[in-house]
Amino acid sequence: MTGNERRRFPRYDTEIAVMIHKDNEEIPATMIDISEGGIGIISDRGFFPGAGINITLKYIDDYSIHGTVKWANLVSEDGGTQYRIGIEADSILIESDGDTFELPARSEFIKRLLSDPGK
């Protein structure tokens, strides 16, 4: 890692529709990058650092990422304003055949997301 680089894991760009679940609300968002430690999203709604949120995505299987907001920045792009949010992933769950379990190998989850030609 270089002097200012604080990331422990490499970050990979992606663009996947997700749903944020917070306080009985569902907020559509887009996952724009992912690493073994967390994800970056763009949303019309901001969240305070320290907030716990759940993110779901239907992609190959049904996934749920439980995480903590680490930072949020207001960004202006294409005449609109949105929030760029960094989320530390506390756990990644997969639902398959009616069972839910935690993914022990986050690197496999990332490879699966990035290698699917349907994304």
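Only this structure's heavy atoms are used, side chains among them; waters, hydrogens and symmetry mates stay out. Computed from a prediction, not measured in an experiment: that's the story for all the values here.
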**OP:** Please list all pairs passing the ring pair (Phe, Tyr, Trp, His ring centres under 6.0 Å) test where one or both residues lie in residues 69-99, with sequence neighbours left out.
**Re:** none
Could you grab the distance from atom [atom1] of [X] to atom [atom2] of [Y], nearest 0.5 Å is fine?
X: Phe9; Y: Ile110; atom1: CZ; atom2: CD1; result: 8.5 Å
X: Ile41; Y: Gln82; atom1: CD1; atom2: CD; result: 10.5 Å
X: Leu113; Y: Leu57; atom1: CG; atom2: CG; result: 6.0 Å
X: Ile94; Y: Asp99; atom1: CD1; atom2: CG; result: 11.0 Å

Subject >> By ring pair (Phe, Tyr, Trp, His ring centres under 6.0 Å) - contacts of Phe109 (at least two apart) >> reply: Tyr63
Subject >> Residues forming a side chain to side chain donor-acceptor pair (under 3.5 Å) with Thr30, sequence neighbours excluded >> reply: none
Original post:
Among all residues two or more places apart in sequence or in another chain, which pass the side chain to side chain donor-acceptor pair (under 3.5 Å) test with His66?
Top reply: Asn54, Ser64
Qualifying residues under salt bridge (Lys or Arg N to Asp or Glu O under 4.0 Å), relative to [X], sequence neighbours excluded:
X: Asp90; answer: none
X: Glu108; answer: Lys111
X: Lys70; answer: Glu88

**OP:** Just grab all the salt bridge (charged side-chain N to carboxylate O under 4.0 Å, His left out) pairs involving residues 36-57, residues at least two apart or on different chains.
**Re:** Glu25-Arg45
**OP:** Can you sort out the partners of Ala51 under side-chain contact (heavy atoms from CB on, under 4.5 Å), two or more places apart, ordered by chain and number?
**Re:** Lys22, Val69
Subject >> side-chain contact (heavy atoms from CB on, under 4.5 Å) involving Ser76 - partner list, sequence neighbours excluded >> reply: Thr81
Subject >> N/O donor-acceptor pair under 3.5 Å between Asp33 side chain and Gly40 backbone >> reply: yes
